Each structure stands twice: as C-alpha cells, then as structure tokens.
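When reading the values below, keep in mind they use all heavy atoms of this one structure, side chains included, and skip hydrogens, waters and symmetry mates. Nothing here was measured: the structure is a model prediction, and the numbers come from that model. Numbered from 1 within each chain, the chains take letters A, B, ... in sequence-line order.
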There are 2 protein chains.
Amino acid sequence: MSNLAPLRRSTLVEDVYERVKALVMEHTLAPGERVNIDALARELEVSATPVREAMARLESDGLVRKRPLAGYTVSPLLSRQEFTDMFDMRVVLEGAAARWAATRASAEARAAISAEAETVAPLDSSDGRRSHAAFTAVDARFHDLIADTAANPLLRDSIHRLHAHLHIHRLYFPYAQTGTTGEEHRRISAAIAAGDPDGAEAAMRAHLDAARSRHLPAFD
Amino acid sequence: MSNLAPLRRSTLVEDVYERVKALVMEHTLAPGERVNIDALARELEVSATPVREAMARLESDGLVRKRPLAGYTVSPLLSRQEFTDMFDMRVVLEGAAARWAATRASAEARAAISAEAETVAPLDSSDGRRSHAAFTAVDARFHDLIADTAANPLLRDSIHRLHAHLHIHRLYFPYAQTGTTGEEHRRISAAIAAGDPDGAEAAMRAHLDAARSRHLPAFD
DNA sequence: TCAAGCAATATCCTATAGGATCCACGATCC
DNA sequence: GGATCGTGGATCCTATAGGATATTGCTTGA
C-alpha cells in the first residue's frame with residue numbers, strides 16, 4: 001500500500017486560483033474586463049490576500065494582465081497575429097508530441113488515443129444537434145491525451161497552456177466549421193498506433209494547419 | 001516624441017521577484033534549499049505579503065516548488081531524464097526559432113546575429129583563461145537573440161524559461177567542454193544570414209544535440 | 001463645445017497580527 | 001536499541017487596516 005495520492009490539503013490560494021481560472025475560461029469574466037480584487041474577494045468570501053496571490057499565478061499563465069498600481073484585467077482576445085502565432089507554436093509543439101507519442105506510447109496509451117479519435121461528440125438533448133461545446137471538449141481531450149503520451153512534462157505543460165487560450169477564443173467564435181476534424185484525428189491516431197513518427201508529425205501538422213484555416217475567417 | 005517606455009513605477013512585488021530570482025540564478029539560494037518566507041522578508045526589509053506574491057510567480061516559472069502549508073523550496077537540480085527532456089524541448093523550440101529567424105529577420109537582425117556568433121568570450125583578468133561564466137553568457141546571448149528574432153512572443157518566452165533552468169544547471173557543472181560551440185554557432189548564423197530556413201533549423205538541431213552530449217557526462 | 005486642472009472616491013499595495021498547520025525533539029513503551 | 005507518541009516551537013496562511021496611487025467626475029476657462 002504505497003504510492004498514495006499526496007492528499008492535497010488545500011489552501012485558499014489554490015481554491016481561489018481554480019475558481020478564478022474557471023471564471024475566465026467560461027468567460028464569466030470577459031476578456032478585457034477589469035478585475036476588482038476587493039470585489040472578487042467579497043464574492044468568494046475570502047480576504048484580498050489569497051486572491052492577490054492567485055492572480056499572480058494567473059498572470060504567469062497569461063490569463064490576466066497586470067498593470068502595476070492599477071490592478072488586473074482579463075487578457076484580451078487574441079488578435080489575428082497572436083492567433084496565428086499560437087498556431088505556429090501548436091504546430092511545433094504538438095507535432096513533436098505526436099512524433100514522440102508514436103515512438104514512446106505504451107500499448108494502452110495507443111488504444112486510448114485510438115478510442116478518443118473514434119469518439120463522436122454526443123448530441124445535445126435540447127435541439128438534437130451536436131453542440132459546439134461538446135465538439136471542442138472532445139477535440140481538447142484528444143490533443144491533451146497526445147500531449148500527455150509524449151512523456152515530456154515540459155512539453156505537456158506548454159501545450160496545456162496554449163490550449164487554455166484556444167479554449168477562451170473558441171467560446172467567443174463558436175461558429176468555426178467542424179470540417180474534416182474527425183478524419184484528421186483518425187489519421188493522427190492511426191500513425192501513432194502504427195508507431196510511425198514521421199507520419200504522426202505530418203498528420204498533426206496538417207490537422208493544425210487545417211484547423212487554423214477553419215478558424216481564421218472569424219477575424220474577418 | 002511618442003513611444004516612450006511605460007515608465008515602470010515598480011511595486012515591491014516586482015523588486016522582490018527580481019531579487020529572489022537573481023538569488024536562485026546565482027545559487028545564493030541553492031537547489032533543494034528551503035526558503036523561509038519570514039526570514040527572506042526580514043533580509044529584504046519588507047513584509048511577508050509581497051514576498052509571498054513574488055514566490056507564487058517564481059513557482060510558475062518553475063524556479064521554486066511549493067508544498068501547501070509547508071513552504072517553498074528551491075527547485076532541485078535537473079535529473080538526467082529532466083535534462084534530456086529539456087534539451088528535447090530546446091531542439092524543438094529553438095529549431096523552429098532558427099527556421100523562422102532565417103525567413104523573417106531584418107537585415108539589422110541578421111547582422112546582429114552574425115556579430116554575436118563571432119563574439120569570443122573575453123579573457124578573465126585574473127588567470128587569463130576564458131572563464132566558464134563568460135562563455136555561457138556569450139552562448140546565452142546568441143540563443144536569446146535568435147529567439148527574439150523569430151518574432152513570436154510565445155516562442156520567445158518559452159525559450160527564455162528553459163534557459164533559466166539551463167543556466168542554473170551550468171553553474172553547478174562548470175566543467176562542460178566548450179568543444180566546437182563557436183563553429184556551430186557560426187554555421188547557424190550563416191544559414192540565417194543566407195535566408196536558409198532548412199539549413200538554419202538543421203544547424204540548430206545539430207548544435208543542440210552536440211551541446212547535450214557535451215553536458216551529459218556531468219551526470220555520470 | 002472642448003480641453004485642462006483639481007478634488008473626491010475607489011482601488012491597489014504593504015504591514016501587521018493571530019489562528020492553523022507542520023516539523024523537530026524528547027519521552028515513553030516494547 | 002528501535003519505534004511510536006506527544007509536546008513545544010517555528011513557519012505558514014489568512015484577515016484586517018491604513019497609507020499610497022490611480023481613476024472618475026466636476027469645475028473652470030478658452
């Protein structure tokens with residue numbers, strides 16, 4: 001009976017960080033909006049001190065910006081240039097992740113990726129259509145799974161950071177085409193399952209280039 | 001007369017962050033060492049509050065680790081595996097940086113990179129030999145310059161973060177061979193100057209692989 | 001009507017204090 | 001002798017208060 005989870009006794013800072021991060025991710029706190037620390041502290045029923053510390057961490061994540069002596073604001077939406085830069089980074093990082101996943105993944109991991117690639121977003125109960133939120137959730141899980149499988153913590157964290165920003169952007173432009181995402185995912189997954197690093201990287205790069213093209217019209 | 005620097009009125013948190021970061025980078029605070037917040041606050045002649053906020057930022061940088069309710073410790077030295085992972089990341093990120101620098105750099109930037117590649121570490125005044133510190137400083141400037149030239153803020157920040165950890169490691173193993181570093185740098189610079197993205201990326205990857213090989217014996 | 005200057009308010013930033021938790025050391029028991 | 005338990009001290013974490021700064025709105029003048 002070893003290797004138990006470290007039993008996280010939480011501090012308020014931790015909880016506040018998670019809560020505020022969620023507020024930003026679900027755009028209850030909108031991009032560009034000012035964040036009043038005192039008001040936020042009252043809302044969460046804590047004092048300002050742990051809130052300030054949590055905000056410092058969020059700033060390092062790039063989710064909020066700080067102006068000294070003038071408070072925090074939620075990071076504004078990505079400009080077209082920033083969005084392009086982000087996808088350039090994704091191509092580089094996730095391309096490498098796919099490559100390494102193809103060489104390093106365990107049999108279980110390959111199976112998990114294949115399963116995720118076959119997953120189809122569930123139908124929305126209200127209107128019977130596939131919701132945008134459900135689609136992005138499936139997409140995010142697929143990409144995060146590959147990032148995890150690449151077995152490089154630095155790479156994994158970098159990719160996760162980028163995905164947070166992508167998630168925020170998607171919430172504001174929920175009309176991007178789904179296109180051939182499913183098929184592209186299956187191609188990536190097939191290459192990883194086959195242990196083909198070149199093919200996996202190429203498929204991932206192609207997928208991300210296509211995804212970028214699907215998103216770019218939102219900036220017109 | 002526009003475009004003046006925003007005139008950073010600093011807050012204590014900013015100053016403390018820079019000071020503590022320097023303490024870690026120059027290993028006045030040694031890897032693995034516990035960081036007593038109250039003692040550090042007394043030392044810097046400030047209260048614990050801004051120190052805590054600065055530590056939260058340093059944790060996001062990976063320079064310190066936090067155990068809830070048990071304080072901060074300076075991040076331990078990289079294991080062999082972590083060191084290898086870091087260089088895997090460098091190959092990916094800096095390879096892309098070299099590629100983009102080759103296509104996007106202005107004439108001035110190309111000249112600056114070439115000049116930096118020709119720079120030789122100054123001789124130490126005391127013993128007349130090239131000091132390890134001087135060599136690493138020149139090396140760091142060359143790589144940072146390319147990262148800046150790639151014109152992607154996300155990429156630049158990611159590379160800078162990695163370099164901080166590399167710097168700490170180097171201070172503890174100051175006997176790594178210099179080898180053919182100078183020549184490798186000149187090869188990278190030549191490809192960038194020539195606007196050859198494939199060549200620049202290949203040269204950077206070769207350089208980093210060689211550098212990793214020069215460092216790895218430190219773990220034996 | 002618009003710009004500039006000033007006052008009042010809101011907000012941020014830091015210091016301090018006290019409760020909560022962990023760590024080290026010694027005592028006790030097997 | 002070695003392990004377990006309990007206590008004292010150190011340290012962390014949070015709340016609160018007050019000084020410092022930015023922002024807002026109004027007034028004044030051109």
- request: Would you give a per-nucleotide map of nucleotides 13-18 of chain C, 5' to 3', where B means the base has a protein non-hydrogen atom under 4.0 Å away, S means only the sugar-phosphate does, and - means neither?
  value: SBBB--
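Between M55(A) atom CE and dC12(C) atom P the separation is 9 Å, expressed in whole Å.
Between H163(A) and H143(A), the two ring planes are perpendicular [angle over 60°; tilted spans 30° to 60°]. Between F219(A) and H169(A), the ring-plane angle classifies as parallel under the 30° and 60° cut-offs.
Heavy atoms of V35(A) sit under 4.0 angstrom from primed sugar atoms or phosphate atoms, though from no base atom.
Side-chain atoms of R52(B) and V16(B), non-hydrogen and from C-beta on, never get closer than 4.5 Å to each other.
In this structure, R57(A) is positioned above the aromatic face of Y17(A), its NZ or CZ under 6.0 Å from the six-membered ring centre and within 45° of the axis.
Looking at T181(A) and R214(A), their side chains do bring a donor and an acceptor atom within 3.5 Å of each other.
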